[in-house]
Structures are given as structure tokens and as C-alpha cells.
There are 2 protein chains.
Amino acid sequence: MSVRHKTRLVDVARDAGVSPATVSRAMAQPDLLAAGTLQRVHESARKLGYRPDGMARALASGRTMTIGAIVPTLDSTIFARVLQAMQSTLAREGYQLLVASHEMNPEAETEAIRTLLARGVDGLMLVGAGRAKEAKNLLLAAGVPVVLTWCGEADFAAVTVDNERAGAFAAQHLIDLGHQRIGMVVGHLPFNDRQAGRLAGARRALGRAGLSMPDWLVSQQGLTLAGGRNGCAALLELAVAPTAIIGGIDLFAIGCIQEAQSRGLAVPGGLSVVGIDNIDMSAHMMPPLTTVHIPTAQIGQTAAKTIIAQIAGSGGRAHVDLPIELVVRRSASPFAPPG
Amino acid sequence: MSVRHKTRLVDVARDAGVSPATVSRAMAQPDLLAAGTLQRVHESARKLGYRPDGMARALASGRTMTIGAIVPTLDSTIFARVLQAMQSTLAREGYQLLVASHEMNPEAETEAIRTLLARGVDGLMLVGAGRAKEAKNLLLAAGVPVVLTWCGEADFAAVTVDNERAGAFAAQHLIDLGHQRIGMVVGHLPFNDRQAGRLAGARRALGRAGLSMPDWLVSQQGLTLAGGRNGCAALLELAVAPTAIIGGIDLFAIGCIQEAQSRGLAVPGGLSVVGIDNIDMSAHMMPPLTTVHIPTAQIGQTAAKTIIAQIAGSGGRAHVDLPIELVVRRSASPFAPPG
DNA sequence: TTGTAGGCGTTATCAA
DNA sequence: TTGATAACGCCTACAA
């Protein structure tokens with residue numbers, strides 16, 4: 001009962017009276033064995049409580065059965081949901097998720113890539129495109145399947161969503177309602193191509209309508225509820241305040257609603273608000289938030305499937321663009337000139 | 001420029017004119033080498049673009065520099081926050097996070113434990129206590145540091161929060177306000193000792209005040225906003241509806257506020273609501289949610305530190321109980337008999 | 001269908 | 001301070 005050595009492949013082999021190779025096959029390619037042999041090996045394995053050693057297996061086979069995922073932060077409804085979807089899809093195929101986050105710091109992201117690659121992952125999921133050349137070289141040199149999410153890039157497979165279009169949808173809806181002075185609360189633009197895309201899309205839609213969104217109608221904030229409130233406050237305190245605000249993420253839009261209401265400004269009566277994401281909370285707001293639906297969970301699921309396909313040899317640099325759509329609820333109403 | 005073999009330890013050794021052992025030392029214990037040697041090795045390594053192979057290293061050393069975390073789901077503000085805190089604390093020490101989720105399924109959790117252990121983790125973080133004997137045996141036999149969070153257990157280190165006390169805080173606050181018929185929306189009790197503890201605590205407080213919370217005043221729901229709304233709806237439709245509701249998690253409490261308001265029932269005027277967690281959203285609700293603050297991020301950070309300490313040999317089966325406190329905001333008010 | 005034997009790339013134990 | 005060399009536990013041609 002003292003320090004019972006962990007049982008290894010050879011122990012099982014000895015007990016079953018077969019060679020190590022046979023035991024190895026029994027675990028990985030059972031079809032190759034005679035039914036009787038398989039039976040015996042399994043019995044010995046169970047009797048001895050044999051558990052294959054993942055590290056040894058990884059070293060010998062070159063596969064870790066682990067997929068890495070590097071996200072800006074785990075502490076976000078959006079990314080948590082993507083990871084949850086990835087994790088459950090991957091688990092079904094026997095893969096585990098190794099996660100890292102970089103808190104919106106490009107160098108931290110490069111470091112994370114380096115670390116995960118060194119640790120040995122069979123595939124890697126990243127958020128967004130447009131990273132430093134060094135990071136790209138690392139990825140290319142590593143020779144493991146990589147899938148980008150949200151935004152794509154020619155060199156890698158990608159599961160994307162048209163962020164520009166999302167921004168345009170939000171803006172167009174407000175334009176259709178007659179709004180002319182539209183503001184936006186967005187995340188910090190550097191190193192966040194998702195937010196940059198949404199802003200660009202909104203501006204494009206406005207431009208097509210002969211309108212514009214000058215920088216002073218755009219407030220950059222940290223990706224929190226408080227950021228949404230602060231951004232809204234800043235815009236409302238403008239000499240010529242906007243009559244409608246787009247939240248670059250739903251959390252911002254929700255913060256905008258809360259901030260407006262806390263100032264006695266009715267939504268949508270006094271201020272129209274539109275979000276982008278369609279998180280759970282949005283449907284339950286008072287008023288319910290009009291927003292652009294982003295199929296978050298599906299991004300995760302598709303990313304996982306894409307990686308698995310690439311590992312299996314199929315797939316290649318496939319780009320999948322997931323559909324988005326405007327969900328009209330009650331936080332935006334026609335522009336009514338004061339008086 | 002074709003398939004350049006990945007450079008290995010021996011390649012660096014050859015280039016630097018030293019033995020493999022020396023290169024290994026240069027990476028792990030630089031102090032043991034003569035300055036000149038170290039210098040030469042580093043140069044060769046950089047020149048050849050040498051990156052230690054994590055799997056080989058893991059096999060030889062028995063350490064993977066990876067910590068496993070098994071949570072009910074990633075798709076939850078609470079757990080996402082815990083993981084984010086763990087991840088950033090661990091990253092600072094060179095560890096990565098391997099995550100798995102089990103969707104509230106005990107067997108899936110056991111399987112996850114088995115998988116992570118087999119994959120090779122240097123430590124493991126689990127949520128809650130009271131798991132099947134099989135799972136406990138696996139953990140004990142594995143011989144890796146384990147830390148339980150939220151709820152503890154004698155056999156393992158733990159970073160906990162007194163869930164019963166949290167429930168009692170919430171209930172006591174309502175009792176002090178004069179409420180006598182208090183309902184609660186909780187998660188599904190089986191396999192969720194956090195929710196069970198909070199409910200038990202609330203009942204204990206009520207019992208001390210000569211009151212009680214019969215089963216018909218308790219609604220079990222899935223851990224979503226919609227669950228909160230449904231639970232609230234069910235309780236409000238009772239012949240003798242409660243005058244106050246405790247949300248087993250803030251999300252439930254928020255759902256309760258939204259459901260009550262959508263029915264034209266004022267909060268706290270017509271219904272008082274208290275939550276437990278203190279998530280970001282709570283402070284921004286209208287009315288702001290009175291709740292019991294749970295130091296979520298701190299749980300993650302402390303859990304990470306505990307594991308690291310255990311790996312370093314210190315620590316043992318330390319139990320840390322983190323303080324909680326009632327945060328009084330404006331969603332609960334004194335009971336006012338109708339008429 | 002099964003066995004043999006040579007890696008996989010490091011770490012770690014002895015010596016020197 | 002450095003060098004041989006044997007593990008680490010499994011996989012996988014190749015052979016039988």
C-alpha cells in the first residue's frame with residue numbers, strides 16, 4: 001500500500017501476456033486486434049487501473065489533444081460564450097481547451113501565442129485579425145491549424161461576422177427613423193478591429209445618407225457597463241447632444257439606457273439607443289434593446305469544427321462568414337423634433 | 001528553406017560546443033554555469049531559434065506548467081470572472097489554464113477530472129464540494145494539488161465563501177425590513193451546493209425569527225436571466241404571493257426586478273428584491289440592487305495562489321474563507337401592509 | 001494479427 | 001563547472 005508505482009503500458013502488457021505495442025493498439029486502434037486479445041488487454045488494464053500518460057503520448061505522437069484559445073479577456077459575456085461553445089464542441093471530440101487572455105495588450109498576445117505553441121497545442125483559436133508580423137510568423141512557422149474569429153485574414157482560416165455591416169445595420173435603422181445626429185460609444189480602437197469595424201460601418205451608412213459622425217460624437221470607453229454609462233454621459237453633455245446613440249457592444253447600449261434614464265431622459269422618447277451583440281440581458285431591458293444579433297455561440301462552435309476539420313486534413317484556409325441581423329425591439333423610435 | 005527540422009536541444013549544444021546537459025541547465029538553472037558558457041549557449045539558441053519542447057519537458061520533468069480548472073459552465077459572469085482572475089495570476093508565474101466545464105452534470109465532471117489528470121496538470125481547481133466517491137478517489141490518488149472553491153471539504157485545500165451566511169444576510173435584511181412572507185428563486189439544487197447553502201442560510205435566518213420559507217415559496221430555475229423572470233412570475237402568481245424575493249444569484253434578482261416591473265409591480269414599493277453575488281450590472285439597475293457581495297475575482301486569485309503554494313510545497317490543505325457583506329442599495333424597502 | 005526496437009526532446013543522476 | 005547517460009512512457013514503422 002505504499003508508493004504504488006503508476007501502472008504503465010508495459011505493466012498491462014506483462015499482465016495480459018502481450019507486447020506493449022499490442023496494448024498501445026488496444027487503446028488507439030482496437031479494430032486491428034483479435035477480439036480475444038482485445039478483451040484480455042482491456043481486462044488487465046481495468047484490473048491495474050491503467051491510465052495512459054498524456055505527456056508521454058504527446059511526446060511520442062506529436063499530438064496533445066489540446067486546442068489553445070487566446071481571447072482578449074475571459075471576463076466578458078461574449079468571449080465566455082464563445083469559449084463555452086468551443087469547449088463543449090471540442091470535448092465531444094476528445095479535445096481540451098487551453099485558454100489564455102491578453103487584456104487587450106498586443107505584446108501579451110504574442111507572448112501567449114508563443115507559450116501555447118511551445119506547450120504544444122494541436123490547434124489555435126484567436127480573436128480578430130491584424131496582429132504584428134512577429135505574431136503572424138510564429139503562427140505560420142508553427143504549422144498548426146489556426147482559426148481567426150470575428151475578423152479574418154487571408155493567411156488563416158476564419159470564422160467571421162461582418163462587423164462593418166453590423167455597424168451599418170445599427171446606423172441605418174436610426175437613419176430610417178429620421179435621426180440625423182447620431183453618436184456612438186465604442187471600445188478603445190487600437191488593437192480592436194471588431195470595434196473599429198463597427199464604427200466604420202456606422203459611418204459608412206451615415207455617409208450614404210449624406211450624414212456623418214464626427215469624432216466628437218464618438219466616445220471610446222473600456223468594455224464595461226460603466227464605460228457605457230460614461231460614454232453616454234459624455235455625449236449627452238455635449239452642447240448639441242445626439243438624439244440617438246449606438247452602443248459598439250450591447251453592454252454599452254445598456255449602460256446608455258441606464259444613464260439616460262437616471263438623468264430623467266426617457267428611452268426611446270428622449271434618446272434612441274441601438275446595440276450590437278444581442279446578449280441575453282438585452283431582451284429583458286426596459287425598454288427591450290433594439291440590437292444587431294451576432295451569433296456568438298455559433299462562432300465558437302464553428303471555430304471548433306473548423307479546427308477539427310483542419311487537423312483531420314480537410315478544411316484548409318476556409319473562411320466562414322456568419323449571418324447577422326437587426327433585431328428591432330423598443331429602444332429606438334422615430335426622431336421627434338423638440339417642441 | 002524546405003522543411004527545416006525544428007531545432008532541438010542537441011542542435012544548440014552542438015553549435016555552442018557544449019553538452020546537451022549544459023544547454024538544459026542554461027535554460028533552467030543559469031546560475032550553475034560559467035558566465036562565458038551561458039553567453040555562448042544563449043547566442044546559439046537565439047541564432048537557431050531554439051524553443052524548448054513543452055511535451056518533452058513535461059515527460060522528463062513530470063511538470064506541465066499547466067493548471068486545470070473545472071467549472072460548471074464558462075458562460076456565466078461569475079465563473080468567467082473567477083477564471084479570468086486565476087488566469088492572470090497564474091500567467092504571472094508561467095502557468096497556463098486548462099479549462100473544462102461540465103454543465104452541472106456530475107458524471108461529466110468526473111470525466112473531466114479524469115481527462116485533465118491524464119493530460120497532466122500540475123494542479124486542479126474545482127468548484128464546490130460534495131462530489132461522488134469515485135471523483136474524490138481520483139483526486140486523492142492523482143497526488144496533484146487540488147483546491148476547491150466556493151465550498152470546501154476536509155480532504156482538500158479550499159477557498160470558500162460562506163454561502164449559508166450569504167443567504168442568511170439576504171434574508172435577515174428583509175426580516176429587518178418587516179417582511180414575513182419571503183420567497184426565493186434558486187438554481188437546481190441537486191449537485192449545486194452553493195445554491196443549496198444559500199437557501200439553507202436564508203431558511204435558518206427565517207427560522208431564528210420565527211418565520212419560515214416553505215417549499216412552495218422556493219422556485220428552482222436554470223441559472224439564467226429568464227430563469228429569474230420565470231421564478232418571479234411563478235411566485236407572484238401564488239394565491240398568497242411573497243412581499244419579498246431573494247435571488248440565489250444576482251441574475252435571478254435582476255430577472256425578478258424586470259418581471260415585476262413588466263407586470264406593473266413597483267420595486268421596491270410592491271415587491272422587495274435582494275440578490276447574492278454583486279455583479280457589475282446590479283449597481284446599475286433601476287432601482288440599484290441590494291445584494292450580498294461575493295468577492296468573485298478574489299476567489300480566483302486566491303485559488304491560483306493556493307495552488308502555486310501547494311506546488312511549491314508550502315500551503316498544505318489550507319482553507320481560506322473570504323469575507324462577504326451586505327450591500328444595501330434600493331431594491332428592498334420596509335414592508336408596507338396593503339391598504 | 002502481433003512483436004521488436006528505435007525514437008520523441010528533455011531532465012536528472014552520477015561522475016569527472 | 002561540465003559531461004555521459006539513463007530514464008520519462010508511449011508510438012509506430014518494420015518485421016514476423
Side-chain angles (χ1 to χ4, degrees), chain A residues 3-42 44-45 48-66 94 117-120 122 142-143, chain B residues 3-42 44-45 48-66 94 117-122 142-144:
Chain A
V3 183
R4 180 184 48 192
H5 277 299
K6 198 174 76 164
T7 63
R8 297 156 304 170
L9 198 60
V10 284
D11 301 322
V12 178
R14 189 166 15 237
D15 185 89
V18 298
S19 79
T22 301
V23 179
S24 177
R25 289 188 189 107
M27 320 259 61
Q29 309 146 6
D31 327 334
L32 297 185
L33 297 189
T37 316
L38 189 59
Q39 172 84 17
R40 240 175 334 134
V41 171
H42 276 159
S44 297
L48 303 179
Y50 171 65
R51 296 269 141 219
D53 179 316
M55 316 174 224
R57 186 182 275 215
L59 179 58
S61 71
R63 265 172 285 110
T64 58
M65 298 308 283
T66 296
L117 251 23
R119 183 86 68 261
D122 294 347
Chain B
V3 183
R4 179 185 47 192
H5 277 299
K6 200 174 76 167
T7 60
R8 297 157 305 169
L9 198 60
V10 284
D11 301 323
V12 178
R14 188 167 15 237
D15 186 88
V18 298
S19 80
T22 302
V23 179
S24 177
R25 291 189 187 103
M27 318 260 62
Q29 309 145 3
D31 325 333
L32 297 186
L33 296 189
T37 316
L38 189 58
Q39 171 83 17
R40 237 172 338 131
V41 172
H42 276 158
S44 297
L48 302 179
Y50 171 66
R51 297 267 141 221
D53 179 316
M55 315 175 223
R57 185 180 273 212
L59 180 58
S61 70
R63 266 170 285 109
T64 57
M65 297 309 283
T66 297
L117 252 23
R119 183 86 68 262
V121 289
D122 294 347
V144 304

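Chain A is the first sequence line, chain B the second, and so forth, proteins listed ahead of strands; every chain is numbered from 1. Side chains are part of it too, since the values below use all heavy atoms of this structure and drop only hydrogens, waters and symmetry mates.
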With a 4.0 Å heavy-atom cut-off, tell me which residues in residues 49-58 of chain B come close to DNA chain D, sorted by residue number.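 Listed by number, there are none.
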
When all nucleic acid strands are considered with a 4.0 Å heavy-atom cut-off, which category describes [X]: base, sugar-phosphate, or nothing?
X: A:L59; answer: base
X: A:V23; answer: nothing
X: A:V10; answer: nothing
X: A:A21; answer: base

Nearest to the side chain of A:R25, which nucleotide is it out of C:dG3, D:dC10, C:dT13?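 For the A:R25 side chain, the nearest candidate turns out to be C:dG3.
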
Quick one: which of C:dT11, D:dG9, D:dT1 gets closest to the side chain of A:R8?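 So the nucleotide nearest the side chain must be D:dG9.
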
Under 4.0 Å between a side-chain N or O of [X] and OP1 or OP2 of [N]?
X: A:S24; N: D:dC11; answer: yes
X: A:S19; N: C:dG3; answer: yes
X: A:T22; N: C:dG3; answer: yes

Heavy-atom closest pair, residues [X] and [Y]:
X: B:M27; Y: B:R57; answer: CB-NH2, 4.4 Å
X: B:T7; Y: B:L48; answer: CG2-O, 3.3 Å
X: B:D15; Y: B:S44; answer: OD2-OG, 2.6 Å

Nearest-Å distance, [atom1] ([X]) to [atom2] ([N])?
X: A:Q29; N: D:dA13; atom1: CD; atom2: C1'; value: 12 Å
X: B:L32; N: D:dG3; atom1: CG; atom2: P; value: 13 Å
X: B:M65; N: C:dT10; atom1: CE; atom2: C1'; value: 15 Å
X: B:L9; N: C:dA12; atom1: CG; atom2: P; value: 12 Å
X: B:R63; N: C:dA12; atom1: CZ; atom2: C1'; value: 11 Å
X: B:K6; N: C:dG9; atom1: NZ; atom2: P; value: 6 Å
X: B:Q39; N: D:dT2; atom1: CD; atom2: P; value: 13 Å

Do NZ/NE/NH1/NH2 and the carboxylate oxygens of B:K6 and B:D53 come within less than 4.0 Å?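 Yes, this pair counts.
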
